[in-house]
Trainee: 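Could you have a look at this structure, given as structure tokens, before my questions?
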Amino acid sequence: MIKVTVKGGTLSRAEIEAYIFYTKKKYGIVLPEELEMILEVDGEFVNISYNPPIMFRTYRATDYLVNDEAKLNDSKLAELHDKIPNAV
């Protein structure tokens with residue numbers, strides 16, 4: 001379960017659950033057990049931060065984007081590992 005800390009105000013349990021759902025939908029990954037979500041209430045707005053920060057990587061594999069190597073099939077995963085990164 002994600003540890004949630006609310007700062008600067010109060011949020012209902014339903015609002016907290018909505019922010020957890022938002023995070024899972026946004027990152028599309030299984031979140032780490034030790035993840036802490038910090039919700040800072042600023043008037044009508046809520047700033048979300050994570051401890052430790054979620055590292056979000058996007059992989060381009062033949063005309064579509066995925067955010068987790070686990071979602072790639074075997075051939076796409078091999079293609080990803082065979083690619084040579086461009087030097088910038």
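For this chain, numbers begin at 1 and follow the sequence in order. Basis for what follows: all heavy atoms, side chains included, without hydrogens, waters or symmetry-related copies. Model, not experiment: these values are computed from the prediction.
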Trainee: Decide yes or no for Val46 and Glu40: does some side-chain heavy atom of the first lie under 4.5 Å from some side-chain heavy atom of the second?
Mentor: no
Trainee: Taking side chain to side chain donor-acceptor pair (under 3.5 Å) as the test, write out the residues that go with Ser75, two or more places apart.
Mentor: Asn73
Trainee: Do you know the tightest heavy-atom contact between Ile20 and Met37?
Mentor: CA-CE, 3.9 Å
Trainee: Side chains of Thr10 and Val41: closer than 4.5 Å at any heavy-atom pair?
Mentor: no
Trainee: Apply side chain to side chain contact (heavy atoms under 4.5 Å, CB included) to residues Leu39 and Asn47 and explain how you reach the verdict.
Mentor: CA-CA 6 Å; Leu39 303 172; Asn47 299 313; over 6 Å; no
Trainee: Who pairs with Glu36 by side chain to side chain contact (heavy atoms under 4.5 Å, CB included), at least two apart in sequence or on another chain?
Mentor: Lys3, Thr5, Ile38, Asn51
Trainee: Only counting residues at least two apart or in another chain, list the ones meeting side chain to side chain donor-acceptor pair (under 3.5 Å) with Tyr22.
Mentor: none
Trainee: Let me confirm one number: the NZ-CG distance from Lys7 to Asp42, rounded to the nearest 0.5 Å.
Mentor: 13.5 Å
Trainee: Are any of the side-chain heavy atoms of Ile16 and Val6 separated by less than 4.5 Å?
Mentor: yes
Trainee: As an exercise, state the distance from OG1 of Thr23 to OH of Tyr50, rounded to the nearest 0.5 Å.
Mentor: 3.0 Å
Trainee: Once side chain to side chain donor-acceptor pair (under 3.5 Å) is applied, do any residues pair with Glu17, and if so which ones, sequence neighbours excluded?
Mentor: Arg13
